[in-house]
Amino acid sequence: KSVRGCVVGPDLATLSLVISKKGDADIPGLTDDQRPRRLGPKRASNIRKLFNLEKKDDVRNFVVRRELSEKKKKAPKIQRLVTPAML
């Protein structure tokens, strides 16, 4: 096994790597396709940051939902959500 710029021993089973810069050619199966993130943010402030919302906007309408089947959808419980009941 070898990784450019790193010292890697033969006793390692797996390597955890992060692509920091894309080169001239694509690596097949790794950098040639765009895959969306599977899950969206769960915290209210991160949902606001993702959709450029203001403080007065309702975050519950912008939660990223994923489909389980044709009829069922699943959404995370929003953390740090300030509601009138919380106040």
Side-chain angles (χ1 to χ4, degrees):
K1 293 178 183 161
S2 67
V3 177
R4 186 171 36 172
C6 299
V7 177
V8 180
D11 56 336
L12 297 176
T14 60
L15 295 173
S16 178
L17 302 174
V18 176
I19 298 174
S20 60
K21 183 179 174 185
K22 189 174 176 182
D24 297 333
D26 285 336
I27 301 170
L30 189 63
T31 59
D32 57 351
D33 60 342
Q34 294 288 330
R35 295 176 57 199
R37 290 177 51 181
R38 186 175 155 263
L39 300 175
K42 186 173 180 178
R43 188 181 294 178
S45 61
N46 290 338
I47 296 171
R48 284 190 190 100
K49 186 168 45 169
L50 178 67
F51 293 107
N52 295 326
L53 302 176
E54 295 181 5
K55 192 81 171 168
K56 62 183 178 182
D57 294 329
D58 192 11
V59 178
R60 292 173 286 191
N61 298 333
F62 293 91
V63 176
V64 178
R65 301 176 188 278
R66 61 185 177 103
E67 292 187 18
L68 296 176
S69 63
E70 292 180 12
K71 297 181 181 178
K72 286 194 173 188
K73 290 186 177 182
K74 196 170 187 181
K77 179 178 179 249
I78 303 172
Q79 301 295 315
R80 299 187 185 180
L81 180 65
V82 178
T83 60
M86 287 274 292
L87 299 174

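Here CD of Q79 is found 10.0 Å from CD1 of I47. Values are rounded to the nearest 0.5 Å. Interatomic distance, CG of L81 versus OG of S45, reported as 11.0 Å (0.5 Å rounding). Distance check, rounded to the nearest 0.5 Å: CZ of R37 to CG of L50 gives 7.5 Å.
Not counting sequence neighbours, the partners of K72 by the side chain to side chain contact (heavy atoms under 4.5 Å, CB included) test are L68, S69.
Applying the salt bridge (charged side-chain N to carboxylate O under 4.0 Å, His left out) rule to pairs touching residues 73-87 yields nothing, sequence neighbours excluded. For residues 42-67, the set of pairs meeting the ring pair (Phe, Tyr, Trp, His ring centres under 6.0 Å) definition, not counting sequence neighbours, comprises F51-F62. Residues in residues 45-68 take part in these salt bridge (charged side-chain N to carboxylate O under 4.0 Å, His left out) pairs, two or more places apart or across chains: E54-K56, D58-R60. Evaluation of the ring pair (Phe, Tyr, Trp, His ring centres under 6.0 Å) test over residues 25-49, restricted to residues two or more places apart or in two chains, returns none. Screening residues 68-87 for ring pair (Phe, Tyr, Trp, His ring centres under 6.0 Å), with sequence neighbours left out, gives no hits. Among residues at least two apart or in separate chains, there is no ring pair (Phe, Tyr, Trp, His ring centres under 6.0 Å) pair with a member in residues 11-48. Contacts classified as salt bridge (charged side-chain N to carboxylate O under 4.0 Å, His left out) and involving residues 21-30 (residues at least two apart or in different chains) are given here: K22-D26.
The hydrophobic cluster of L39 has no other members, since no ILVMFWY side-chain heavy atom comes under 4.5 Å of it.
Heavy-atom minimum distance, P41 versus N46: CB-CB, 3.8 Å.
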